[in-house]
Novice: 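First the structure, then my questions, so here it is.
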Amino acid sequence: MSDSLTRQTCIPCSGKVPPASEAEVAELKPQIPDWDIISVEGIPQLQRVYHFSDFQTALGFTNKVGDLAEGEQHHPALLTEWGKVTVTWWTHALNGLHRNDFIMAAKTDKAAQGLTSDVMAPSHQAD
Ligand SMILES: C[C@H](O)[C@H](O)[C@H]1CNC2=NC(N)=NC(=O)C2=N1
């Protein structure tokens with residue numbers, strides 16, 4: 001069993017490193033079930049929208065994600081709106097997805113814990 005994504009750290013990534021294989025994506029995606037894989041101008045990206053009760057909380061979360069990004073030297077696109085933050089991860093150097101993006105998505109989920117006003121699906125509710 002692989003270690004949880006939140007306990008892993010990003011590796012420095014250059015254009016020489018291959019993007020995540022289909023098998024790797026199939027292994028990693030279930031660990032971040034609330035994220036979508038979208039395609040922007042042919043570049044696959046991980047995206048999730050988080051909901052908050054006001055702008056201040058959304059901005060606080062944005063800054064938390066910014067701190068995470070600086071710590072790992074892997075940076076997302078962040079769109080902060082009233083009560084809402086859209087986070088998008090991909091690896092610019094590869095024009096695609098790398099394990100680093102899945103690690104950061106999992107860490108982003110952890111950073112959001114206790115801050116969001118997302119309505120949780122029953123399958124994700126804690127006992
Ligand atoms: C030198 C520095 O580590 C690189 O330019 C990093 C910075 N942050 C990055 N962030 C993301 N998302 N993709 C990259 O390829 C990337 N490269």
Novice: Evaluate the criterion side chain to side chain contact (heavy atoms under 4.5 Å, CB included) for residue pair D101 and Q45; output intermediate values, then yes/no.
Specialist: CA-CA 8 Å; D101 299 299; Q45 307 184 346; over 6 Å; no
Novice: For E81, does the CD atom have more than 12 heavy-atom neighbours from other residues, nucleotides or ligands under 6.0 Å away?
Specialist: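 Counting other residues, nucleotides and ligands, CD of E81 exceeds 12 neighbours.
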Novice: Looking only at heavy atoms, what is the nearest atom pair of Q31 and E27, with distance?
Specialist: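 The answer is NE2-O, 3.3 Å.
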Novice: For a side chain to side chain contact (heavy atoms under 4.5 Å, CB included) check, start with the C-alpha distance between D109 and Y50, then their side-chain angles and the critical distance, and finish with the verdict.
Specialist: CA-CA 9 Å; D109 281 345; Y50 295 89; 2.6 Å; yes
Novice: Pair L97, I37 - check side chain to side chain contact (heavy atoms under 4.5 Å, CB included), show working.
Specialist: CA-CA 9 Å; L97 291 175; I37 298 181; 4.2 Å; yes
Novice: Just by distance, no angles: are the side chains of W35 and T108 close enough, under 3.5 Å, to form a donor-acceptor pair?
Specialist: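 Looking only at side-chain atoms, T108 and W35 do not form any donor-acceptor pair under 3.5 Å.
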Novice: What heavy-atom pair brings A20 and V25 nearest, and what distance separates the two atoms?
Specialist: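 So the minimum-distance heavy-atom pair works out to CB-CG2, 3.9 Å.
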Novice: Judged by atom type as modelled, is there a donor-acceptor pair below 3.5 Å linking the side chain of K107 to the main-chain atoms of T9?
Specialist: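 Looks like no, no N/O pair under 3.5 Å.
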Novice: In Å and rounded to the nearest 0.5 Å, what is the NZ to CD distance from K29 to E22?
Specialist: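 CD of E22 is found 15.0 Å from NZ of K29.
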Novice: So, for T91 and C13, which heavy atoms are closest and what is the spacing to 0.1 Å?
Specialist: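 Here T91 and C13 meet closest at CG2-SG, 4.1 Å.
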Novice: Which heavy atom in L46 sits nearest to a heavy atom in A105, and how many Å separate them?
Specialist: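 Nearest heavy atoms, L46 then A105: CD1-CB, 4.1 Å.
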Novice: Is there side-chain contact between M104 and V87, with heavy atoms separated by less than 4.5 Å?
Specialist: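 Contact flag for M104/V87 side chains = no.
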Novice: Quick one, Q47 and T88 - any side-chain contact, counting heavy atoms below 4.5 Å?
Specialist: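 Yes, side chains in contact.
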Novice: When rounded to the nearest 0.5 angstrom, what is the spacing between CD1 in I103 and NE2 in H98?
Specialist: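 Output value for this atom pair is 8.0 Å.
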Novice: What's the separation between atom CZ in F102 and atom SG in C10, rounded to the nearest 0.5 Å?
Specialist: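 Rounded to the nearest 0.5 Å, the CZ-SG separation comes to 12.0 Å.
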Novice: To check you understand the geometry: which heavy-atom pair defines the closest contact between H74 and P76, and what is its length?
Specialist: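 What the structure gives for the nearest pair is O-CD, 4.1 Å.
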Novice: Spell out, yes or no, whether L5 and W90 are grouped together once hydrophobic residues are joined by side-chain heavy atoms under 4.5 Å, including indirect joins.
Specialist: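 Per the 4.5 Å side-chain linkage, L5 and W90 are co-clustered.
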Novice: With a cut-off of 3.5 Å and sequence neighbours excluded, list every side-chain donor-acceptor pair involving residues 58-70.
Specialist:
unit_1, atom_1, unit_2, atom_2, d
T62, OG1, A58, O, 2.7
T62, OG1, T80, OG1, 2.8
N63, ND2, L59, O, 3.2
K64, NZ, A111, O, 2.9
E70, OE2, H75, NE2, 2.7

Novice: Would you confirm whether N95, through its side chain, and I43, through its main-chain N or O, come within 3.5 Å as a donor-acceptor pair?
Specialist: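 Absent.
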Novice: Pair T116, F52 - check side chain to side chain contact (heavy atoms under 4.5 Å, CB included), show working.
Specialist: CA-CA 5 Å; T116 57; F52 303 93; 3.8 Å; yes
